[in-house]
Amino acid sequence: MKLDRRFLLRGMFQGSAATMMVPFLDCFLDSKGQALAATGQKLPTRFNTFFFGCGLTKSLWVPKTAGKDYEMTVQLKPLEAYRNKLNVFSGLRIPFDDNPNYQHWSGVAAAATGISPSKQGQFDSKTIDQQVADVISRGARYKSVAAAASGNAKESYSSLGGLNTLPPETSPLSLYTRLFGPGFQDPSSPNWKPDPSIMVQQSVLSVVAEDRKRAMMHLGAADKARMDQYFTSVREVETQMATQLQRPELTAKVEIPAAPAGDMIVNNALPNIRKNVPLMSRLGALALATDQTRVFNLSISEPGSQIFIPGDSLGYHQSTHEEPIDPILGYQPRVAQYNVHSMELFAMMLKELDGVQEGDGTLLDHSLVFAYTDQSFAKIHAVDGLPILVAGLASGRMKGGYHIAGDNSTVSRVGLTAMKAMGVGVDSWGMNSMETKSPFGELLA
Amino acid sequence: MRTKFVLGIAAIVACGTWIGAAALEASGSQVVGMRRLTEHEYRNSIADILGKDIVVQGTFEPGIRIGGLTAASTAVLSITPAGFESYSKMADTIATQATNEEHRKRLVSCQPKSAKAPDDACAAEFLGHYGLRLFRRPLTAEELRSRVSLARTMAKSSGDFYAGLRYGLATLLQSPEFLFRKEIAVPVDGKAYALDPYSRATRLSYLMWDTTPDAELLKSAEIGELNTPAGLEKQVDRLMASPRLESGMRAFFSDILMLSTFDNVSKDGIFYPKWAGPMGASAAEETLRTTIALALHENGDMRDLMVTRKTQINRMLASIYGVPFSFKGEWTPYEFGPETGRTGILTQISMLAMFSHPGRSSPTKRGVALNEILLCEPTPTPPNNVDFSEVNDTNGPRKTVRERLMAHANDKTCASCHNAVDPLGLSLEGFDTIGGRREKENGETIDVSATIQGKSFSGAEGLGKFLYNNPKYPACIARKLYSYANGLNSEDVDSSAFKQGQDAFQKSGYRLRALLKGLVTSPQFFNTSAPVQEASAEHVKTASP
């Protein structure tokens with residue numbers, strides 16, 4: 001996608017954000033986001049997901065002891081700085097029920113929905129971020145925002161169910177433009193005022209919505225559901241507009257950087273992903289801090305990660321299948337290296353969230369980050385023992401610092417725990433063998 | 001009965017607006033298909049309706065490959081909130097351009113009484129005209145009324161007649177009636193249904209030109225011409241005679257050859273520094289140019305696509321092919337010498353690079369892709385617990401990929417698929433992961449012999465001849481083209497559905513035009529069955545509780 005930069009800049013100058021001309025990259029790399037005292041209102045609790053492909057290496061990531069004060073492991077080491085705001089879950093089970101083990105998919109869908117998927121590539125319900133967004137997003141501009149750090153528009157694991165995934169932004173520039181391009185007004189600006197053009201657009205949308213009855217006529221069941229989804233989307237954009245007419249309640253004083261001069265290279269080469277993840281995470285954090293959205297989803301790869309380190313002719317996914325297990329070490333050394341990179345990328349996201357001060361803590365303190373993957377042992381497409389990490393303290397509703405040894409609990413217990421911590425009123429989560437009513441109660445404050 | 005219905009429509013159209021909803025109910029019509037416009041279809045439609053100088057800027061929701069075609073997903077995907085947001089913004093910027101001072105002279109045919117005040121008659125003319133073009137059918141009275149009313153309100157509040165048109169047009173551009181191609185069918189006898197004239201026009205146009213029906217095609221729908229064999233043939237011949245057939249067939253080949261997914265292919269710059277940014281786009285373009293030149297410009301035998309040494313290259317591609325590029329212009333026709341071992345699209349950079357790893361070729365990936373793309377034989381996913389270590393250990397005694405892959409043959413489960421897949425790919429091992437020629441791998445001379453279904457051949461040229469002579473290849477093109485036209489999963493289509501097209505294809509010596517005409521003039525092409533009414537297995541369950 002090509003963006004007209006002049007168009008972008010014009011938008012920026014019209015908005016108050018143009019007052020801040022911090023060079024994009026400098027700001028992203030150096031700025032800590034100056035903190036100001038919150039205005040006193042209750043901070044919303046935000047939800048994030050972090051998706052990484054191909055799992056971790058069991059002998060290198062699972063802590064030896066359960067509970068608090070576990071000894072840090074080799075593969076979790078990059079997350080050391082956040083251990084008090086982090087919970088790690090091992091030994092979780094994913095029963096397939098009557099479905100096959102869809103390679104690089106069953107684990108993704110089970111973690112994100114608590115349901116063993118009935119088809120490859122398809123979620124059998126809304127994913128957890130959308131279930132949370134249904135409850136917490138009222139009042140934010142966007143119900144949710146997704147970004148794919150490798151630039152592939154198909155790498156979103158945020159879904160309304162079925163085949164419809166919510167498209168991600170595929171470069172830092174496109175993410176920037178969606179969040180802070182035309183239509184964005186800095187809520188901290190003294191000149192903030194409702195944009196009258198929004199009211200005009202509302203009239204346009206109401207004409208579109210009026211066609212609903214006729215549009216739904218004479219459709220078969222499947223097309224009726226698709227048409228219904230279209231009008232649900234219309235309603236959501238209507239809500240978005242209504243929200244934009246209200247000045248957002250500021251939770252942090254952050255600087256919105258100026259538009260980037262050019263875009264980054266986005267592909268599967270690890271060095272590029274390492275550049276893009278901090279940028280995208282930073283934009284996501286700013287979006288959360290300025291209430292542009294309360295749900296941010298970041299993926300670094302697809303399941304069966306196509307990430308590669310230049311010079312490695314196989315790349316991550318192929319290495320998981322083809323690299324021999326070293327007889328002395330007992331694991332695949334190159335795969336283990338890729339695993340660590342995944343955790344380093346996760347740490348980059350947490351750094352951005354933890355770097356924004358708001359109220360009595362940081363954005364990470366007022367968030368939950370659900371990090372998950374597709375396989376526990378990618379070499380053989382195993383899913384039992386799927387690594388899941390949940391960071392953030394959910395505004396005090398979640399305790400941190402634990403290693404939960406799952407003891408064959410179903411993976412859906414993590415989802416239920418996260419839902420509870422987010423204040424979503426559910427008693428059970430997941431379906432069939434994974435339906436559970438037991439959150440990890442020791443984590444809930 | 002059909003004639004009566006068509007006359008009925010014509011009469012209503014003549015009255016100015018189409019009371020579509022009432023007509024639908026009266027005739028027992030059903031919406032039998034709903035295809036989300038692809039990015040190309042959307043862009044081409046806007047260019048045709050409003051002009052090529054209207055800038056379309058925004059993101060489109062991606063499709064998914066189903067049965068080897070992204071087109072099949074357009075019949076099952078919907079529009080998500082983020083997708084609609086983007087469509088809504090695009091609608092506004094397009095409508096703003098279309099009604100600005102620069103464009104209104106050309107696009108607004110009537111003169112308002114005052115440029116500063118509402119004028120319902122002129123607004124209705126404008127919105128009715130573009131409504132017909134965008135919805136590919138006349139607007140209903142209600143659809144038109146609500147838009148004229150919006151235009152009036154907006155013109156009044158802004159003191160600008162054209163602002164009213166802008167917002168009215170924007171509602172059309174983000175309507176599901178534009179963003180989805182609704183296929184409406186009417187009952188022809190007790191059980192069977194056939195597409196109504198406007199849906200016929202739409203299906204033909206998007207298939208053959210990759211764009212919205214032009215005024216003549218809509219007219220021919222309106223007067224019922226498309227419902228007669230002679231009228232249909234006349235329009236099909238017209239569409240096929242136009243150079244725009246190229247756009248339609250480019251879209252088709254881009255889909256079946258997976259060229260649209262090439263954007264996400266990365267190569268390792270350390271091993272292959274020649275592979276730079278736009279290489280993927282150039283490689284895809286080469287394959288499309290080769291295919292279109294053969295299929296349409298030369299009206300050639302489609303089997304030659306497997307063996308021709310003719311291609312078109314640019315400077316970037318020339319560097320990988322090792323061809324000195326001393327030509328004027330960006331692209332130039334080129335014919336490889338017989339000594340190069342190049343054979344049709346099989347050895348073009350696109351096909352070789354797309355189905356390889358970032359730093360290494362993959363006979364299995366290439367074999368799986370060729371089986372699915374050219375022979376319509378998808379490979380099942382491998383079993384979950386497979387030890388690939390043997391394949392990878394380049395330091396062991398097995399120097400070449402072939403030797404390493406042969407380890408699979410010892411395992412029955414693996415062998416059942418790999419024996420069908422690997423030979424195709426192994427014969428292409430004379431070409432590296434970005435499509436360059438090579439003789440050796442890790443110091444060993446590469447063996448490019450292959451045996452499949454009892455037939456032995458050697459190298460890419462042997463593979464080309466094997467495919468040229470394989471009747472499954474042209475049958476697969478016929479199957480995919482039919483599925484593409486109808487938005488179906490090609491694996492679920494019964495071969496009787498495209499038999500007439502396939503027969504014409506064979507009889508003509510495998511000319512693409514014969515296949516296309518045979519398909520769309522087949523009496524079955526517009527026949528359909530009523531859609532399933534009750535919730536199917538596709539229905540999305542809601543998570544508990």
Side-chain angles (χ1 to χ4, degrees), chain A residues 1 4 101 103 113-114 121 124-126 131 143 152-154 160-164 166-167 200 203-204 207-208 210-211 214-215 217-223 225-227 229-230 233-234 236-237 267-269 308 310-315 318 321-324 380-381 426-429 431 435, chain B residues 21 24 29-31 34 57 59 61-62 64 73 76-85 88 92 140 143 146-147 150 153-154 167 170-171 174-177 264 266 268-271 357-360 381 384-385 388-389 391-393 531-536 538-545:
Chain A
M1 185 198 63
D4 181 348
N101 175 7
Q103 295 168 8
T113 63
D124 285 21
S125 78
K126 282 186 182 178
Q131 296 178 34
K143 189 167 177 182
N152 186 341
K154 290 175 186 165
L160 302 165
L163 290 164
N164 288 300
L166 294 159
V200 173
S203 313
V204 170
V207 171
V208 174
E210 270 174 37
D211 288 341
R214 186 184 180 279
M217 283 167 72
H218 307 291
L219 298 173
D223 288 339
R226 296 167 67 210
M227 190 57 90
Q229 175 57 56
Y230 167 89
S233 300
V234 175
E236 195 168 300
V237 174
N267 61 20
N268 291 312
F308 68 94
D312 170 17
S313 66
L314 279 182
Q318 210 59 21
H321 293 308
E322 299 191 8
E323 185 183 24
I380 57 166
H381 297 119
V426 288
D427 294 324
S428 77
W429 200 70
M431 270 176 69
E435 181 170 352
Chain B
L24 273 177
S29 296
Q30 287 291 332
V31 177
M34 217 170 80
Q57 213 163 52
T59 49
E61 295 195 61
I64 301 167
S73 75
V76 293
L77 291 171
S78 185
I79 291 174
T80 65
F84 179 74
E85 185 194 325
S88 188
D92 188 54
T140 65
E143 283 168 340
S146 61
R147 283 157 177 94
L150 175 73
T153 313
M154 293 301 175
Y167 296 115
T171 67
Q174 56 197 295
S175 163
E177 306 291 329
N264 297 313
S266 315
D268 190 333
I270 289 184
F271 296 126
H357 301 306
R360 172 183 296 194
T381 46
N384 286 314
N385 188 352
F388 292 87
S389 318
V391 190
N392 183 56
D393 189 4
V532 183
Q533 288 303 334
E534 64 274 23
S536 66
E538 298 284 329
H539 187 70
V540 173
K541 287 165 263 179
T542 326
S544 57

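Here is how names work: the chains are called A, B, and so on, in the same order as the sequence lines, proteins then strands, and each is numbered from 1. Please read all numbers here as calculations on a predicted model, not as lab measurements.
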Novice: With a 4.5 angstrom heavy-atom cut-off, could you sort out which part of B:Ser146 is near chain A: side chain, backbone, both or neither?
Specialist: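 Contact with chain A is through both the backbone and side chain of B:Ser146.
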Novice: What distance do B:Ser29 atom OG and A:Met217 atom CE have between them, rounded to the nearest 0.5 Å?
Specialist: 10.0 Å
Novice: Can you say whether B:Phe271 sits under 4.5 Å from chain A via the side chain, the backbone, both, or neither, judging by heavy atoms?
Specialist: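 Side chain only.
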Novice: Is the shortest side-chain heavy-atom distance between A:Asp223 and B:Gln30 below 4.5 Å?
Specialist: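 A side-chain contact is absent here, since even the closest heavy-atom pair is not under 4.5 Å.
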Novice: Are side-chain heavy atoms of A:Val234 and B:Pro176 found at a separation under 4.5 Å?
Specialist: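 When only atoms from C-beta onward are counted, B:Pro176 and A:Val234 do not touch, as no gap falls below 4.5 Å.
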Novice: For the CG atom of A:Asp211 and the OG atom of B:Ser175, what is their distance to the nearest 0.5 Å?
Specialist: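 So the CG of A:Asp211 and the OG of B:Ser175 are separated by 5.5 Å.
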Novice: Between CG of B:Asp268 and CG of A:Asn268, what distance do you get to the nearest 0.5 Å?
Specialist: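 These two atoms lie 11.5 Å from each other.
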Novice: Once you round to the nearest 0.5 Å, how far does CG of A:Leu314 lie from NE2 of B:His357?
Specialist: 6.5 Å
Novice: State whether the side chain of B:Thr171 and the backbone N or O of A:Val207 hold a donor-acceptor pair below 3.5 Å, judged by distance alone.
Specialist: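 Such a contact is absent between B:Thr171 side chain and A:Val207 backbone.
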Novice: Roughly how far apart are B:Leu77 CG and A:Arg226 CZ, rounded to 0.5 Å?
Specialist: 7.0 Å
Novice: Checking A:Val237 against chain B: side chain, backbone, both or neither under 4.5 Å from a heavy atom?
Specialist: side chain
Novice: In Å and rounded to the nearest 0.5 Å, what is the CE to CD distance from A:Met227 to B:Glu177?
Specialist: 5.5 Å
Novice: Is any side-chain heavy atom of B:Tyr167 closer than 4.5 Å to one of A:Ser203?
Specialist: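 No, too far: nothing below the 4.5 Å cut-off.
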